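Keep in mind that what you see is a predicted model, and the values were worked out from it rather than measured. These numbers come from the heavy atoms of this one structure, side chains and all, not from hydrogens, waters or symmetry mates. Below, chains carry the letters A, B, ... as their sequence lines are ordered, and counting in each starts from 1.
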Amino acid sequence: MDLELSPEDIEFRDGVREVFTREIPEDIRRRNALSRTTRDDIVASQRILNSHGLAVPHWPVDWGGKRWTPTQSHIYASELQRNSVPQPLAFNVSMVGPIIAEFGSEEQKRQFLPATANLDIWWSQGFSEPEAGSDLASLRTTARREGDVYVLNGQKTWTTLGQYGDWMFVLARTDPDAPRKQQGLSFLLLDMTTPGIERRPITLIDGSEEVNEFFFDNVRVPVENLVGEENKGWSYAKFLLGNERNGIAQVGTSRRVFADLAEAAAGIPTENGTLADDPQFRTSMHGARTTLLALEATQLRVTGASENGQASPVSSLLKMEGTKALQELSKLRMRAAGDDGMLLPPDGDAAESLHSDEAATIAAAQYLNQRKLSIFGGSNEIQRGVIAKTILGL
Amino acid sequence: MDLELSPEDIEFRDGVREVFTREIPEDIRRRNALSRTTRDDIVASQRILNSHGLAVPHWPVDWGGKRWTPTQSHIYASELQRNSVPQPLAFNVSMVGPIIAEFGSEEQKRQFLPATANLDIWWSQGFSEPEAGSDLASLRTTARREGDVYVLNGQKTWTTLGQYGDWMFVLARTDPDAPRKQQGLSFLLLDMTTPGIERRPITLIDGSEEVNEFFFDNVRVPVENLVGEENKGWSYAKFLLGNERNGIAQVGTSRRVFADLAEAAAGIPTENGTLADDPQFRTSMHGARTTLLALEATQLRVTGASENGQASPVSSLLKMEGTKALQELSKLRMRAAGDDGMLLPPDGDAAESLHSDEAATIAAAQYLNQRKLSIFGGSNEIQRGVIAKTILGL
Amino acid sequence: MNLEFNEDQKLLFETVDAAVGRGYPAGARGEATSTERGWNDDVWNTLAELGLTGLTIDGDHGGVGAGPVEVYATLEAMGKHAAAEPLLDGVFLPSWLIAALGTGEQAKQLLPALAEGATTIAVAHAEPGRPWGSAPSVAAAHSGDGSVVLSGVKSPVRHADQASTLLVTAVDGDTAGVYVVEAAAAGITRTDGRSADWSRASQVEFAGTPATLLGATGTDATAALQAAVARARVAVLAEAVGLMESTLGHTVEYLKNRKQFGVPLATFQALVHRASDMYARVELARSMALWATATVEAIDGGADVDLPAIADDAFVFVGDTATAVAEEAVQLHGGIGMTYEAEVAHHAARLTAIAESFGGLAAARRRAVAAESALRAPSALLNNA
Amino acid sequence: MNLEFNEDQKLLFETVDAAVGRGYPAGARGEATSTERGWNDDVWNTLAELGLTGLTIDGDHGGVGAGPVEVYATLEAMGKHAAAEPLLDGVFLPSWLIAALGTGEQAKQLLPALAEGATTIAVAHAEPGRPWGSAPSVAAAHSGDGSVVLSGVKSPVRHADQASTLLVTAVDGDTAGVYVVEAAAAGITRTDGRSADWSRASQVEFAGTPATLLGATGTDATAALQAAVARARVAVLAEAVGLMESTLGHTVEYLKNRKQFGVPLATFQALVHRASDMYARVELARSMALWATATVEAIDGGADVDLPAIADDAFVFVGDTATAVAEEAVQLHGGIGMTYEAEVAHHAARLTAIAESFGGLAAARRRAVAAESALRAPSALLNNA
């Protein structure tokens, strides 16, 4: 065993850290730490990363990928999170990019991959539907083949940041008569300027407007925008699940939240000292700290494990426990703020005018927003089912 | 609302307390507090209570019962637990007694009730079987009618204190062809001196020998020992469930454990003070304290609610949450003892020779023993099911 | 001994439940909080007509002088519908402060308008970065002509934007006092925002703002302030109980009706058992809130009990439950439970905000754990040693 | 960077797993602990033949001088079978103390017999009612002839009944030391009992018992004692991981095979989800134990890390998990999981006892929470600031 980074890995870390902290503007990283990242922040950040070859390291080498060691991949994900760099847009770099690179035609690769890596195209995910959240196989959106187009009808929901989407990758039913409902789905690429698309924004309870519904009314998709084979969409979608193992536990993010909170605590007065002296706060923080150590060690253990394109049950563990840890920290942040988390500015820009501790101001809203972590991207209940089935054989 | 005992209730409380603390010998109560109660302790204690009319207060008045108010019943149960008086044997006073009083023949009442109240007969419960723990309706023990006897064959298990049993009340299958498996069960009274009964003691992991298995090989039970009607045993057994609402949350017991632990903590040194100053210990104790307040208040709220012989879903809540609270306290007691809970004397009597803090000595064994609270008498999982079905309609 | 409503209290609950229920169909909290007022004015007027704005104000000043159980019944019914009308913040709490501290003249001046429902008063105590229980940093200064002015910042001040008057805690040298400030007074800068539960709150800055001490000069208001706040901390738990009950109810309905994998969610035992645990927690929290309410009633009847300590104990227990119930309800609803349009999301947000009200849960637990009572054997009955 | 066994370590694990597994069919722990020895002598001899009793002892004294990862691999395999042989208590821990403190002469005298497996040594540090981390109350006195005698009480002393020698912590004035005492020495009164996990432990009373200081006179042994114990506290977590893994395994098998209401328990989703949560917790605990082990290895390689602090952090995390896994396993087994005859019950009892070993979980948490590191941002990699 060895708990030290090798000199080569330290050099690698220092290299990516240099890009993250010196090339990505500080105001972008500050807004990201406060969950106030804008569309332009994400685009600017990803283009800088891409210009340094750091936007799509897990892609095939031909399309901008690197052949990093598992340790390097871990360092990259961890340093991104620790330094509050906006993650390269997951829809682009972790989802549609790898799918097109694996299953797309050469023409699709040329058309989409460079623009996807550079966020010249902003992709949205068109998987979930109102009646098919956790149960993707029940999708109802149809794509009826008519000559050289598919005609798309139906509805997609929970489309995160869909308001910025140039294109959407859509899972739609091309064969309504398939014997199993997993069959008969196809993976289509949809230009969002096509007529017949309507967007309805969904406000979340914290006030954020990051998810959307989309309605498709006879939307015409050229057949050349089918990825891979017709009716094989389910297997392409499954390829994504568990594909992303690095960073899924968000230990780097939690570490940053922890460090910020520890620092803030020393400045939060209590009746007899500061919060940093409060035994209950310290007990909770110690619990969070040891959980994060265990999570990072787990991440290190599986980082090296081979990836085979199957849903990894260890991803389920990391996703479930990692997001729980981050949620717990957001609750601790809210409790630390107390009343101070109970006055949100009418709009984001006024935050600083209210009082100095901006992180406190948004603590409660942040806590509410982060309830999504255990729901979206495969709820904890789904993860427990995966663990039971694939690991425990239950 | 009113949180004070009335002068009459205070008088009542002082009366029962007088009996509990002055008539029940102190060494019996001390052993009971340490879960070292002997058979003779239980018998002696119940006979003293019975001589003061305090053994079977919930029975019909003709057979020694009292017409207490709900508040008085609450006080009685609470004071028994608080003063470490061995509970009147539940199999006698809460189970077979009420059944015989309600469904038995006059002859059965005369034969059994006075002796049952005075613990001249020690009753055992013959319900559970190896393949029918939580699922009582699946009982397999058969009672085949042959002339004026039932011939009993099968096996019962988890028979608490069965080693002392003079008689056992048995639920056995008299009609194997009944359309529903709840039907066809009968409630029989079995003299344990009858030939064909074999007992196997079951040692629990803490070393206690309180439960047993019984094997029946052509055991002949006179038909006059059938209670009520043949094949109606299930409804009599159900009459018991939820019948006992007072004391089920064991708040009085928990209160005593809490008080003893709080007192002990002041004498347990830590690196810089005593356990009573330790913020983590205090936090846990505060949690236990507020939970017990909420439990007692819940008990007070339902004490007055009418009883109709049906399983009460609120009993499920009290049983589940009350035993959780007591288990949590036993864990706190173990944590407070640390190493000191890790040396059990080879037999009970040597306890005092080891060191002064007897409660610490048995803390870990006690903790292990009390895991049973959430399993026996309807596991927490069964209670959740009852709540879901009867209260939530799920 | 009993923890039940009497007949009048039952009727009161049912009346408020019915009246508020009419104004709050599903999803109405979002609508109500987005009006200019920040609540539903029709419901407010109904509450006033029913005399509920005068519930805690004595007969001499236009109210009915009811006790803590009536406050409980009213607020539980409000909570059941996640109603946004500021009965507690805008009427009950200021009325307790005025009754405890104010001169007869002040009571006459301030209480009748409150009792009528014609106005609300905002209590300004919280300050950014200052522990709730510490002395205020807002300072009172005496000018040459004998009048008093305040300087400093308060935040958050709930419903300050609609209040006619503010009751502002401040220090005069070493003496803590509560000061009456007209909302329209000079030297006030108000920045309006919202709480995490979408109700209104503001930061209010005072710069030489004219003010009048509530009550007689020279008496320290700390104890009276603590007592009034403790009373409010118990009262808000009634709202939490109402919210939790309907949150649980919504969740159970959702499990029954929502289908996944072709069957109702109620088919999934893991979810059902969690609903049962929610039920058990809600019932225990209800018992705790009722017990604290009965204790306040006993104190009003002369019982010698430490009210702030009781309030801390009950607040910690119910606050923990409120948080857990909010989290589980959202989780069991899935994505839909996260959305502004979902009724359960507003319930969850309000439950979250309640746990952080009046200084917040962490501070309450800190006090409660440090208190001598933390290791005292519990007894729900006051005279049952 | 890696947290994996190398090939030799894998082989070591498999060897111990196979050897111990043969001696420990289901239910064998109860049998082993009820022998006179308190463990299975055949298994012990096999362990000795495999050289495992010399694992932590250097080559000069008959051992192989292996490091913390080999200790981890060995103890995880022991834990997997809930084996009762006191490798850690009776060999590893005393060998670390002797290596750290003993003179060359003492090492020659004590270590070879340990390495051979011919004997065990009991470490007597715990005292009734005294915090583990405080100075002992057992006192060393010098008699006229220059010899040393001990007086006082130690309890519990694990496996004292079988040990040839005791290493007793005591104070000489203000100086803490570890003293070598022959088990058969004069002035020893031993009261034998058992631990909650059915392994043997004793109270040992010393009254003018002849003793020899381990090491040179005048040096305080506190730091060396703390370091050796910290090493043991990390090592015992490996046993806990082995126990948890097989406890989970037994539980999963039980859910698959046991029927209730006519169907396998695995049909009940509420139980299945709890098994999944157990799995997640066990994996996190395993990572924590591996991480602590790797840290000890780094310390042996010269890394500047606070070993007792690492041991506290890991012990608290894994101890909490051990308790939770034991509780859930028993609960999911129902009554059968409570019985002495059930394998899972012995696993649960041993997990419970591990959490209270070496001063116990509450004290470890107290130290860890008070430590400066409690608020330090975590990083599993030692040189990744």
Side-chain angles (χ1 to χ4, degrees), chain A residues 128 130-135 137-138 157-158 202-207 211 267-272 275 278-281 284 327 331-332 334-346 350 353-357 360-361 363-365 367-369 371-372 374-376 379-381 384-385, chain C residues 30 125-134 153 155-158 191-198 201-203 259-262 268 270-271 323 326-327 330-342 345-346 348-349 352-353 355-363 365-367 369-370:
Chain A
S128 292
E131 296 302 316
S134 296
D135 176 20
S138 295
T157 191
W158 307 128
I202 299 175
T203 305
L204 295 186
I205 189 59
D206 64 311
V211 289
I268 298 177
T270 62
E271 292 75 5
N272 46 16
L275 195 60
D278 173 38
Q280 286 155 54
F281 176 74
S284 302
Q327 287 179 326
K331 180 150 65 181
L332 263 182
M334 175 174 74
R335 297 275 189 252
D339 280 305
D340 281 354
M342 288 298 141
L343 180 55
L344 282 161
S353 73
L354 283 178
H355 55 79
S356 55
D357 188 354
T361 309
Y367 160 82
L368 286 173
N369 182 273
R371 305 317 306 163
K372 73 185 176 196
S374 49
I375 297 172
F376 294 163
S379 70
N380 285 0
E381 291 69 36
R384 289 191 190 95
Chain C
H125 178 61
E127 295 178 10
R130 188 213 53 175
W132 179 270
S134 305
V153 182
S155 171
V157 186
R158 289 178 58 75
T191 314
D192 296 335
R194 65 169 179 89
S195 171
D197 61 13
W198 296 84
S202 306
Q203 172 173 302
K259 289 190 176 182
Q260 282 274 29
F261 303 101
F268 298 101
L271 310 183
T323 306
E327 289 179 358
V330 170
Q331 185 70 27
L332 292 174
H333 273 79
I336 202 78
M338 288 288 303
T339 63
Y340 181 85
E341 286 176 27
H346 285 276
T352 302
E356 294 305 333
S357 62
F358 301 112
L361 191 50
R365 196 189 318 273
R366 194 156 54 231
R367 287 190 302 270
V369 166

Exercise. Measure distances from A:Asn369 to the heavy atoms of chain C and classify the residue's part below 4.5 Å as side chain, backbone, both or neither.
Key: backbone

Quiz item: A:Asp278 versus chain C, heavy atoms under 4.5 Å apart: side chain, backbone, both or neither?
Solution: side chain

Self-check item: Side-chain heavy atoms of A:Ile375 within contact of C:Val330, under 4.5 Å
Solution: yes

Exercise. Side chain from CB out, backbone as N, CA, C, O: work out which of these in A:Leu332 comes under 4.5 Å of a heavy atom of chain C, or both, or neither.
Key: neither

Quiz item: Below 4.5 Å, heavy atoms only, C-beta onward: do C:Gln331 and A:Ser374 meet side chain to side chain?
Solution: yes

Practice problem: Please look at A:Tyr367 and chain C and tell me whether the side chain, the backbone, both or neither of the residue comes under 4.5 angstrom of a heavy atom of that chain. | Solution: side chain

Quiz prompt | Interchain contact, A:Ile268 with chain C, by part (heavy-atom threshold 4.5 Å) | solution = neither

Practice problem: Flag the one option from C:Ala355, C:Ser202, C:Ala348, C:Ser357 with the top tally of heavy-atom pairs under 4.5 Å to chain A. | Solution: C:Ser202

Quiz prompt | pair C:Glu341-A:Ile202: side-chain heavy atoms closer than 4.5 Å | solution = no

Exercise. Assess the side chains of C:Thr323 and A:Arg335: does a donor N or O sit below 3.5 Å from an acceptor N or O?
Key: yes

Self-check item: Proximity breakdown for A:Gln280 and chain C, heavy-atom pairs closer than 4.5 Å
Solution: side chain

Quiz item: Just wondering, do A:Glu271 and C:Arg367 contact through their side chains at under 4.5 Å, heavy atoms?
Solution: yes

Quiz prompt | Contact winner vs chain A - C:Ala362, C:Gly360, C:Ala345, heavy-atom pairs under 4.5 Å | solution = C:Ala345

Self-check item: Side-chain heavy atoms of A:Leu275 within contact of C:Arg366, under 4.5 Å
Solution: yes

Quiz item: Just wondering, do C:Glu327 and A:Lys331 contact through their side chains at under 4.5 Å, heavy atoms?
Solution: yes

Exercise. Tell me, out of C:Gly30, C:Gly359, C:Ala342, who's got the most heavy-atom pairs with chain A below 4.5 Å.
Key: C:Gly359

Quiz item: Any side-chain heavy atom of A:Val211 within less than 4.5 Å of one from A:Lys372?
Solution: no

Self-check item: chain A contact via C:Phe268 - side chain, backbone, both or neither, heavy atoms under 4.5 Å
Solution: neither

Quiz item: What part of C:Ala201 gets closer than 4.5 Å to chain A, counting heavy atoms only: side chain, backbone, both or neither?
Solution: both

Exercise. Go through the atoms of C:His346 and report whether side chain, backbone, both or neither lie under 4.5 Å from a heavy atom of chain A.
Key: both

